[in-house]
There are 2 protein chains.
Amino acid sequence: MANMHEIAKMAGVSLGTVSHVLNNTAKVREPKRTRVLEAVKASGYQPSQLARGLRRDTTNMIGMIIPDITNPFFPAVVRGAEDMAFSNGYRLLLCNTDNDHAKEIIHLNELRTYLPAGLIVIPSNFSDLTAQAESYRRAGTGVVCVDRLPKNWSGDSVTADNEAGAYNATRHLLQLGHTRLATITGPLHFTNAKERLVGFKRAMKEAKLHLSSDYTQETRYDKQGGHAKTLVLLGLVPRPTAIFAGNDMIALGALLAVHEAGLRCPNDVSIMGFDDLDLAETTNPPLSSVSQSGYQLGATAARLLLDRREGDIGPAKHIVLETVLNLRHSVAPPPEAAMGSSSMKRRPRSVQKRT
Amino acid sequence: MANMHEIAKMAGVSLGTVSHVLNNTAKVREPKRTRVLEAVKASGYQPSQLARGLRRDTTNMIGMIIPDITNPFFPAVVRGAEDMAFSNGYRLLLCNTDNDHAKEIIHLNELRTYLPAGLIVIPSNFSDLTAQAESYRRAGTGVVCVDRLPKNWSGDSVTADNEAGAYNATRHLLQLGHTRLATITGPLHFTNAKERLVGFKRAMKEAKLHLSSDYTQETRYDKQGGHAKTLVLLGLVPRPTAIFAGNDMIALGALLAVHEAGLRCPNDVSIMGFDDLDLAETTNPPLSSVSQSGYQLGATAARLLLDRREGDIGPAKHIVLETVLNLRHSVAPPPEAAMGSSSMKRRPRSVQKRT
DNA sequence: CGTTCTATTTGAAAGCTTTCAAAGGAGTCG
DNA sequence: CGACTCCTTTGAAAGCTTTCAAATAGAACG
């Protein structure tokens with residue numbers, strides 16, 4: 001591929017002039033200017049991002065570190081980030097950590113040597129990000145945390161309003177008449193799991209309902225966990241009539257367990273999810289869930305990074321995105337209340353409630 | 001961050017020696033060797049990938065170009081590729097094209113300037129990849145096509161055995177007694193859609209069944225398309241008793257349409273999908289589908305790329321991965337046949353059939 | 001036309017590695 | 001001890017861009 005030297009020769013100008021034309025970094029008078037542009041077009045020249053990055057001390061790559069692209073919540077986040085990045089001339093370097101803190105460190109250390117424009121990170125378990133990010137920031141590279149925060153994080157972040165989302169979802173269950181509400185949380189060392197639990201408890205407290213410790217179970221954010229913990233909950237006496245799941249994967253496992261136990265959802269047990277993944281629409285019954293936009297999360301994080309890069313120097317920003325309660329058919333009044341109620345009324349496919 | 005000069009100074013050796021120690025590119029005698037290693041450890045030095053790439057004329061990045069990470073089939077492919085890449089010291093630069101051929105070209109042109117170790121591409125609509133790949137190959141950069149092939153592709157590729165998968169799925173439907181089989185294909189300019197249709201037709205022909213042209217519909221690989229075309233199919237007289245969907249998203253739309261039309265799946269209409277996405281397990285009823293491993297697709301492609309890089313110079317390889325028919329509850333014998341049959345028997349959760 | 005000033009243009013340096021030819025050192029043999 | 005060989009080590013060049021100081025060209029003015 002052609003390099004700048006050749007362009008310079010073709011256009012009969014010096015190296016510096018070519019660079020100035022390409023980067024608008026100095027005025028170049030007319031005859032030369034077009035000659036350069038034409039040479040570029042004719043040769044299909046594109047500047048080497050490597051050489052450019054080396055010289056400028058920064059590239060147009062954004063490093064994105066996530067637990068696992070295979071987890072259905074993350075693709076939207078990545079896509080949101082990629083779209084915002086791409087339309088501003090940046091590219092995404094994707095790294096999966098599997099929530100493995102050692103793998104995260106490998107990525108953080110290596111990414112540095114690419115001189116990325118910034119980092120978007122969904123931190124792993126027990127992430128060491130706070131320390132590492134400090135060194136990035138000293139080098140002038142922004143780091144934004146998304147979805148959940150590592151210990152002592154004081155930098156930029158974009159998260160959903162987990163507490164409000166959980167609170168509203170729980171209130172909805174309470175308003176339907178449930179009094180025996182249980183919750184299956186994600187791993188409580190994740191800030192998002194913790195916040196959702198706080199929201200849940202706040203709603204319970206407001207309703208002056210006691211929460212037996214059996215009624216809150218903690219597990220991994222997956223179907224297996226949801227399944228296992230639901231079996232535990234269903235074995236309790238008295239049995240909960242509603243389960244607030246820490247995310248949709250847990251809810252999915254819960255749904256499965258309820259069916260396996262020979263119970264019906266929502267008739268016997270209501271199930272509420274969190275995330276509102278695409279699959280929530282197609283489960284049986286369709287899942288009610290707290291909707292958060294992964295796409296917005298990612299796009300906002302990338303935007304924040306770009307703003308920083310364009311000179312926005314200011315205190316750390318903690319952007320919190322609203323959630324929406326998306327009601328489908330997996331929640332209904334509790335069995336006793338349902339007797340006399342109108343549970344057989346025609347139900348709309350899906351209803352949204354702002355939270 | 002420290003650079004090689006500092007390491008050299010710290011260890012009291014020359015620049016070249018540091019490089020030799022780091023790359024094992026020449027024997028370095030003992031006292032110096034350890035001094036270098038220690039200096040590296042003490043300073044946390046990591047070589048600049050930019051400078052290294054510039055000098056070596058190639059980096060450890062693999063460019064991965066896919067239509068849309070948000071489409072549930074692709075994350076597994078990406079993950080497979082990333083795992084294989086990561087464990088061999090390579091990293092993934094991810095690009096979404098939205099099947100937009102212009103966007104694909106932008107990515108192909110720009111990626112070149114990163115001097116990537118190779119490219120893994122799921123080509124977009126009307127992809128121009130064949131021409132572009134030629135120029136990559138001239139530069140010694142491998143390009144592997146995954147999942148489907150662009151026009152006139154003669155380079156390396158990794159795909160599923162779409163035809164056999166479709167053939168076996170169709171045969172299964174035939175064996176259940178269906179005679180009115182319809183299919184909703186993906187866009188037929190995609191090789192995978194075309195191959196699946198060929199497999200379907202081959203099975204039909206073997207069964208000596210006539211295929212009315214109404215009975216094959218083409219649409220985009222998504223839920224909306226599946227929904228719309230299913231409504232068309234259900235309006236035909238006589239109505240098909242089984243629908244072979246070009247992929248699971250189409251099948252999902254079909255499922256929806258069947259329910260909306262007041263029919264039951266599988267009692268009135270059997271539905272067979274392709275891909276066997278995670279969500280196939282949780283639809284209502286759980287979807288029977290031709291299972292192909294996206295993960296294997298991606299991992300195999302990355303492996304192929306690395307082999308090439310390590311010197312495997314030989315004719316183009318076309319790796320074709322087997323599929324497995326994964327039977328769940330969305331297929332059953334046709335209504336007439338079901339009358340006297342044992343459709344009420346207890347059904348296992350899921351059954352696999354090698355294809 | 002000569003000066004002076006401003007606007008363009010240039011060439012070289014720098015950014016960090018790898019690699020190659022050359023220099024240096026150590027060991028062997030006579 | 002000298003010559004020779006072979007193994008280590010070195011320093012400089014190259015890879016491609018950006019950027020800065022310096023040089024040149026052009027314009028305005030007298």
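Letters A, B, ... are given to chains in the order of the sequence lines, protein chains preceding strands, and every chain is numbered from 1.
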Expressed as a whole number of angstroms, how long is the span from [X]:[atom1] to [N]:[atom2]?
X        : N      : atom1 : atom2 : result
B/Leu54  : C/dG15 : CG    : C1'   : 10 Å
B/Asn3   : C/dA14 : CG    : C1'   : 12 Å
B/Leu50  : C/dT17 : CG    : P     : 10 Å
B/Arg52  : D/dC16 : CZ    : C1'   : 18 Å
B/Leu115 : D/dG15 : CG    : C1'   : 10 Å
B/Met4   : D/dG15 : CE    : P     : 18 Å
B/Tyr45  : C/dC16 : OH    : C1'   : 7 Å

Given C/dT10, C/dA14, D/dA14, which nucleotide is nearest the side-chain atoms of A/Arg55? C/dA14
Using the side-chain heavy atoms of B/Thr17, tell me which of these nucleotides is nearest: D/dT10, C/dT9, C/dT18. D/dT10
B/Tyr136 six-ring centre to B/Arg112 NZ/CZ under 6.0 Å and within 45° of normal: yes
Donor-acceptor pair, side chain of A/Asp68 and main chain of A/Thr70, under 3.5 angstrom: yes
Would you find a donor on one side and an acceptor on the other, under 3.5 Å apart, between the side chain of A/Asn96 and the backbone of B/Glu82? no
Mapping B/His20 and B/Ser48 onto DNA chain C by nearest heavy atom, which one lands closer to the 5' end? B/Ser48
Taking only N and O in the side chain of A/Ser19, is any of them less than 4.0 Å away from OP1 or OP2 of D/dT18? yes
How would you label the contact of B/Asn23 with the nucleic acid (heavy atoms, under 4.0 Å): base, sugar-phosphate, or nothing? sugar-phosphate
